[in-house]
Number of protein chains: 2
Amino acid sequence: MTTPTEEDFLRLDHMVCFSLHAASRAFDSVYRVILKRLGLTYPQYLAMLVLWEHGELPVKKIGEYLRLDSGTLSPLLKRLETAGLVRRERSAADERSVTVRLTDEGAALRERALLVPRRIYEATGIGFDELRELHARLDRLTAALDSAALPEEPDAAHR
Amino acid sequence: MTTPTEEDFLRLDHMVCFSLHAASRAFDSVYRVILKRLGLTYPQYLAMLVLWEHGELPVKKIGEYLRLDSGTLSPLLKRLETAGLVRRERSAADERSVTVRLTDEGAALRERALLVPRRIYEATGIGFDELRELHARLDRLTAALDSAALPEEPDAAHR
DNA sequence: CCCAGTTTAGTTGCGCACAACTTAATTGCG
DNA sequence: CGCAATTAAGTTGTGCGCAACTAAACTGGG
């Protein structure tokens, strides 16, 4: 019961990872439907969220909040710029840095986006408290996975 | 406390979806490192799992197990074929259907893949029972999201 | 002061995921 | 029977995510 066999590991591993993958895609799917009328994808919505909160941010900061690198963010932000929701300007102080700012249109979109969370919440069919616990559990899981992933080679190739 | 405000919805929604997204990517990242030496991506590993279990399957069935459509599976399976792990053959009985079979090499890979689950389990840093509960929770969530997603337009466009 | 190393964005290439479409085979209803 | 609807797989196009790389600007130790 509490002493799982190797078989158990095999099965549960598959199930948990698969469930997580499936849940993530299911969420994406619900978001896709809801965000369609805002003209945003889910990752674009996440970027807009941090911009709505902070007004303007360098690309670097957005990447830290969303855990995304420039390879993902650069084209994403370019699409948001094409859509007229943000502007991107080289920082005068440090010309390596690009500051992303909301346009009036981008700021205005927030009003329409305020309805999104409740619709998502309703789609989950789960109580507020349970959702909060799930959140805590997932964050712990991510932290554990992150710390396990990094030290792949402790201090290898040292000669 | 138990009567969340609209603000609470806004925040929690973001947090849960974000956590789920982040956890899924963290898992992908750990899998990527572990599966690298097998020459598989995570979705390819999932496809191999169902083939290891069933020996051979039509593309359709693989899609049902993994919740993936042919737009994703066709190129993925083609890559597995190029790697020499599977063969794809039109079914004689129904020429629309393509049966995917393990090659000897593909079947042999299973031995090396048996170590994967334990390494993943260890990376999660979470107990067996908690993992099992998380799995159940996620499945319930996915089921709820699926049932909420489908009836987007009940019987719309009807005159 | 200067240049080696770091930092910030961006680019390229690959694979996954999905929507929308095409093609070919099969099914079944009139 | 015959043809319209369905089914299975594949194709095309878009966007995300990451690795590996480049380009340009900054930083700091000698």
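All values below come from the heavy atoms of this structure, side chains included, with hydrogens, waters and symmetry mates left out.
- The stretch residues 85-97 of chain B touches DNA chain D through B:Arg88, B:Arg90, B:Arg96, B:Ser97, each having a heavy atom under 4.0 angstrom from the strand.
- B:Arg96 pairs by the side chain to side chain donor-acceptor pair (under 3.5 Å) definition with B:Asp94, not counting sequence neighbours.
- The salt bridge (charged side-chain N to carboxylate O under 4.0 Å, His left out) pairs that include a residue from residues 58-67 of chain A are A:Lys60-A:Glu64, A:Lys61-A:Glu64, A:Arg67-A:Asp146, where partners are two or more places apart or lie in different chains.
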Would you list the protein and nucleotides 18-22 of chain D atom pairs, both N or O, that sit under 3.5 Å from each other?
| from | atom 1 | to | atom 2 | distance (Å) |
| --- | --- | --- | --- | --- |
| D:dC18 | OP2 | B:Arg25 | NH1 | 3.3 |

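- Screening residues 53-89 of chain A for ring pair (Phe, Tyr, Trp, His ring centres under 6.0 Å), with sequence neighbours left out, gives A:His54-A:Tyr65.
- Not counting sequence neighbours, the partners of A:Arg140 by the side-chain contact (heavy atoms from CB on, under 4.5 Å) test are A:Arg137, B:Glu130.
- With the 3.5 Å cutoff on both pairing distances, Watson-Crick and G-U pairs in DNA chain C assemble into runs of at least 3 at C:1-30 with D:1-30.
- Among residues two or more places apart in sequence or in another chain, the side-chain contact (heavy atoms from CB on, under 4.5 Å) test is passed with B:Leu38 by B:Leu35, B:Leu40, B:Leu109, B:Arg112, B:Ala113, B:Val116.
- For B:Asp69, the side-chain contact (heavy atoms from CB on, under 4.5 Å) partners at least two apart in sequence or on another chain are B:Thr72.
- Scored by the side-chain contact (heavy atoms from CB on, under 4.5 Å) test, A:Arg101 finds A:Glu56, A:Arg87, A:Glu89, A:Thr99 as partners (sequence neighbours excluded).
- Pairs passing the salt bridge (charged side-chain N to carboxylate O under 4.0 Å, His left out) check and including a residue from residues 40-55 of chain A, sequence neighbours excluded, do not occur.
- When the C1' atom of D:dC26 is taken as reference, atom NZ of A:Lys60 falls 14 Å away, rounded to whole Å.
- Under the ring pair (Phe, Tyr, Trp, His ring centres under 6.0 Å) criterion, no residue pair touches residues 79-105 of chain A, with sequence neighbours excluded.
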